[in-house]
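Indexing begins at 1, ligand by ligand and atom by atom, following the structure's order. Remember, predicted model here, so these are calculated numbers, not experimental data.
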Amino acid sequence: MAERMLKFVTVPQAMPEKRAAEARRHDFGEIYRDFAQAQAASQASRCSQCGVPFCSVHCPLSNHIPDWLKLTAEGRLEEAYELSSATNTFPEVCGRICPQDRLCEGNCVIEKGFESVTIGAVERYITDTAFEKGWVKPIRPRRERDASVGIIGAGPAGLAAAEQLRRRGYQVTVYDRHDRMGGLLIYGIPNFKLEKSVVLRRAAQFAESGIKLELNCAIGTDITLQALRQRHDAVLIATGVYKARDIGGPGSGLGGIVPALDYLIASNRENLGDDVPDFRSGLLNAAGKDVVVIGGGDTAMDCVRTAVRQGAKSVKCLYRRDRANMPGSMREVKNAEEEGVEFVWLAAPEAFLGETDVSGVRAVRMHLGLPDSSGRQAVEPIEGSSFTLKADLVIKALGFDPEDLPAMFEEPALTVSRWGTLRVDHRSFETSLPGVFAAGDIVRGASLVVWAIRDGRDAAAQIDRTLQEKQALAAAAD
Ligand code: FAD
Ligand code: SF4
Ligand code: SF4
């Protein structure tokens with residue numbers, strides 16, 4: 001092993017080539033090119049094969065990172081794929097969009113000055129190669145089971161559960177109110193982070209695996225939760241969180257002030273070739289406009305970078321804290337800056353200006369005060385510091401809360417936390433309704449794809465256990 005690995009001293013860290021900002025500003029293609037095999041092998045060989053791999057400890061899926069890095073360095077890619085897909089339903093997605101700087105790579109212990117192993121890029125390379133070479137096969141369970149599971153929500157949590165349950169032989173149907181599967185992977189996250197062909201090729205594998213999809217089907221409207229419980233032996237709720245946090249104040253009802261997800265969905269649909277009237281009319285299109293995005297998370301970063309690609313005249317991001325305190329990934333901030341986005345740190349909107357449509361945002365400077373009980377510094381406006389930004393499109397990206405699920409599903413017995421997330425037993429993933437489980441953002445609150453995958457997989461294991469116990473009890477009673 002020694003001669004193949006531990007090369008961090010002699011081989012410098014290298015990401016796959018990043019397209020020049022000027023070129024990528026004009027299209028929605030992913031910004032990183034693919035690793036060539038020799039590059040992936042040489043980057044993987046930088047790993048020092050730690051006895052206690054902190055990269056894996058800080059990966060929500062506990063991926064066997066050093067093992068598949070070693071297999072990649074040795075050119076044993078099919079085995080690397082087998083191992084990486086054993087713990088992750090979507091390694092090709094996580095390799096692209098996990099905030100690796102905060103998870104695996106941020107905890108790589110390669111000595112200071114040598115920089116971490118590029119784990120995400122290698123993970124992506126392994127699975128992209130597996131798809132290319134035809135190693136990714138439809139699921140063929142060893143034995144079929146009669147029991148069926150209905151899953152509400154075709155996002156990463158619901159799909160990860162579907163994959164795990166199908167592997168165990170269950171009959172699985174996934175219901176989604178949208179017309180495509182993928183949840184935020186298809187309609188939230190833009191192409192330049194995750195090309196849609198990557199999601200659609202997984203959709204094809206799922207269909208060939210016998211996982212049934214009922215699209216354009218909103219539970220609570222088209223079918224009741226109660227009917228679903230009668231149809232299936234167990235139900236998993238994986239509906240994500242979609243109630244956009246709003247902003248009030250003078251002028252907040254003016255035209256041209258739009259919620260982030262409406263804007264991103266329109267852009268993603270347009271890129272998928274759909275006819276999107278609100279994009280065509282210009283309402284959800286930044287072309288030629290002065291754009292102000294309010295917020296500092298991943299959603300705000302996706303909006304500013306989408307606006308650049310749509311041909312906005314100027315794009316500014318208004319965030320009430322500073323760079324060090326922003327929730328979005330630093331890598332994304334850097335990408336946005338390279339692409340020409342201007343960040344207005346420590347500033348919050350006071351009023352929206354204009355007659356019928358917005359023409360500007362009056363903002364006030366903020367300063368960071370003492371930390372509150374949660375340890376986060378409070379923000380306070382600086383008196384007399386108001387200034388105006390020109391804007392004919394304002395995008396609100398202030399985060400998301402859960403919809404009112406007990407009302408939506410007409411199930412008052414479904415209990416929720418004070419934040420509106422579903423309450424589950426944290427070991428069994430079961431909600432207050434017997435046989436109804438929940439996973440992903442709807443339990444955790446707005447989080448990350450990798451955590452949704454983890455929760456979906458864990459919930460599937462618990463559903464399997466519950467259904468097997470039920471079957472054993474029924475057999476004993478016969
Ligand atoms: P979702 O992905 O939201 O899927 C839920 C699904 O349930 C949806 O398809 C929805 O249509 C469906 N649904 C809801 N209600 C019903 C109903 N009543 N009937 C039928 N179907 C229903 N995370 C990262 O790790 N990296 C990133 O770069 C990143 N970028 C992001 C960018 C944006 C713009 C946003 C909004 C989020 C981003 N996230 C990112 C977070 C990540 O997308 C979510 O944490 C993850 O998708 C949650 O998965 P989920 O399966 O719980 O829910
Ligand atoms: Fe890193 Fe995410 Fe892959 Fe885990 S799943 S190894 S955190 S990129
Ligand atoms: Fe390799 Fe870094 Fe993980 Fe150690 S922490 S096993 S060096 S990737």
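- Looking at R96, its side chain never comes within 3.5 Å of a backbone N or O of L194 through a donor-acceptor pair.
- When the shell of 6.0 Å around CD of E337 is examined, it contains more than 12 heavy atoms from other residues, nucleotides or ligands.
- Among the atoms of Y242, some N or O lies under 3.5 angstrom from an N or O of ligand 1.
- Classification of D128 and K133 as a salt-bridged pair fails, no side-chain N sitting under 4.0 Å from a carboxylate O.
- Taking a cutoff of 4.0 Å between a charged side-chain nitrogen and a carboxylate oxygen, R202 and E92 qualify as a salt bridge.
- Not one N, O or S atom of C47 sits under 2.8 Å from atom 3 (Fe) of ligand 3.
- The closest heavy-atom contact to atom 44 (C) of ligand 1, among the options D441, T306, V174, comes from D441.
- Scanning both residues, E105 and T118, for their nearest heavy atoms gives OE2-C, 3.5 Å.
- Contact detail for I453 and C94: the closest heavy-atom pair is CD1-SG, 3.6 Å.
- Listed by number with element, the atoms of ligand 3 under 4.0 angstrom from any heavy atom of C50 are 4 (Fe), 5 (S), 6 (S), 7 (S).
- The two atoms that bring C47 and L69 nearest to each other are CB-CD1, 3.7 Å, heavy atoms only.
- Neither the backbone nor the side chain of V241 has a heavy atom within less than 4.0 Å of ligand 1.
- In this structure, the protein non-hydrogen atom closest to atom 3 (Fe) of ligand 3 is C55 SG, 2.3 Å.
- For Y175 and H232, the ring centers are positioned less than 6.0 Å apart.
- At least one heavy atom of C217 sits less than 4.0 Å from an atom of ligand 1.
- Atom numbering of ligand 2 starts at 1 in the shown order; those under 4.0 Å from a heavy atom of L103 are 7 (S).
- Short contacts between ligand 2 and V450, defined as distances under 4.0 Å to a heavy atom of the residue, involve ligand atoms 5 (S).
- Listed by atom number, the atoms of ligand 1 under 4.0 Å from G240 heavy atoms are 3 (O), 5 (C), 53 (O).
- Polar contact with ligand 1: present for P156 (N/O pair, distance under 3.5 Å).
- Ionic pairing of K18 and E338 is present here: one or more N-O contacts between side-chain nitrogen and carboxylate oxygen are shorter than 4.0 angstrom.
- Using a 4.0 Å heavy-atom cutoff, F400 is listed among the residues neighbouring ligand 1.
- Not close to ligand 1: G220, with no non-hydrogen atom less than 4.0 angstrom away.
- Here is the list of ligand 1 atoms found below 4.0 Å of a heavy atom in L264: 34 (C).
- Near I65, meaning under 4.0 Å from one of its heavy atoms, ligand 2 places the atoms 6 (S).
- An N or O contact shorter than 3.5 Å is missing between A439 and ligand 1 by distance.
- Within the listing of ligand 1, atoms 6 (C), 7 (O), 12 (C) sit less than 4.0 angstrom from a heavy atom of G153.
- Distances below 4.0 Å separate heavy atoms of T299 from the following atoms of ligand 1: 33 (C), 34 (C), 35 (C), 36 (C).
- Residues K193 and D302 approach most closely at NZ-OD1, 2.9 Å, considering heavy atoms.
- Checking side-chain atoms of R46 against main-chain N and O of E115 turns up a donor-acceptor pair under 3.5 Å.
- The pair R331-D101 does not count as a salt bridge, with every side-chain nitrogen at least 4.0 angstrom from each carboxylate oxygen.
- Contact record, D455 with F429: O-CE2, 3.8 Å, taken as the closest heavy-atom pair.
- A cation-pi contact, defined as under 6.0 Å to the ring centre and within 45° of the axis, is absent between R19 and Y32.
- Atom CD of E214 has more than 12 neighbouring heavy atoms from other residues, nucleotides or ligands inside a 6.0 Å radius.
- Judged by the 6.0 Å and 45° rule, R180 forms no cation-pi pair with Y187.
- Within ligand 2, counting atoms from 1 as listed, the ones closer than 4.0 Å to a heavy atom of E123 are 3 (Fe), 5 (S), 6 (S), 8 (S).
- For atom 4 (Fe) of ligand 2, the closest heavy atom belonging to the protein is C59 SG, 2.4 Å.
- Not one N/O/S atom of C108, from backbone or side chain, sits under 2.8 Å from atom 4 (Fe) of ligand 3.
- For the pair A238 and ligand 1, a heavy-atom separation below 4.0 Å is found.
- Remark: K137 does not engage E208 in a salt bridge, criterion side-chain N to carboxylate O under 4.0 Å.
- Compare D176, I223, V93, V450 by their heavy atoms: the one nearest to atom 6 (C) of ligand 1 is in D176.
- Considering backbone and side-chain N/O atoms, D298 never comes within less than 3.5 Å of an N/O atom of ligand 1.
- Of all atoms in ligand 1, listed by their number and element, those nearer than 4.0 Å to a heavy atom of A452 are 48 (C), 49 (O).
- The side chain of C98, and not its backbone, has at least one atom closer than 4.0 Å to an atom of ligand 2 (non-hydrogen atoms only; side chain from C-beta on).
- Near G440, meaning under 4.0 Å from one of its heavy atoms, ligand 1 places the atoms 52 (O).
- When every heavy atom of A161 is checked against every heavy atom of L236, the shortest pair comes out as CB-CD2, 3.4 Å.
- Closest heavy-atom approach to atom 39 (N) of ligand 1 within the set A446, S447, G188: this belongs to S447.
- Counting only non-hydrogen atoms, the option in N63, V109, V117 that gets closest to atom 5 (S) of ligand 3 is V109.
- Between V449 and ligand 1, at least one N/O pair is under 3.5 Å apart.
- Atom numbering of ligand 3 starts at 1 in the shown order; those under 4.0 Å from a heavy atom of S48 are 1 (Fe), 7 (S).
- Residue I152 has no nitrogen or oxygen atom sitting less than 3.5 Å from a nitrogen or oxygen atom of ligand 1, judged on distance alone.
- No N or O atom of E403 sits closer than 3.5 Å to an N or O atom of ligand 1.
- Looking only at distances, a side-chain donor or acceptor of E195 sits under 3.5 Å from a matching main-chain atom of E30.
- Checking only distances, I219 does come within under 3.5 Å of ligand 1, N or O to N or O.
- When each atom of ligand 3 is checked for a heavy atom of I110 under 4.0 Å away, the hits are 7 (S).
- Note on C104: not counted as a metal contact of atom 4 (Fe) of ligand 2, no N/O/S atom lying under 2.8 Å.
- Using a cutoff of 4.0 Å between basic side-chain nitrogens and carboxylate oxygens, D34 and R124 are scored as salt-bridged.
- Here atom 15 (N) of ligand 1 lies nearest to R177 when heavy atoms of R177, R180, M301 are compared.
- No side-chain N or O of Y263 forms a donor-acceptor pair with one of D278 less than 3.5 Å apart.
- Of all the heavy atoms of Y187, none lies under 4.0 Å from any atom of ligand 1, so neither backbone nor side chain is involved.
- Annotation for ligand 1: atoms under 4.0 Å from non-hydrogen atoms of G183 are 2 (O), 4 (O), 8 (C), 9 (O).
- Against a heavy-atom cut-off of under 4.0 Å, Q100 is close to the following atoms of ligand 2: 8 (S).
- In this structure, R269 forms no cation-pi arrangement with F279, as its terminal cationic atom is not both closer than 6.0 Å to the ring centre and no more than 45° off the ring axis.
- Contacts between M408 and ligand 1 below 4.0 angstrom, taking non-hydrogen atoms only, involve the side chain exclusively.
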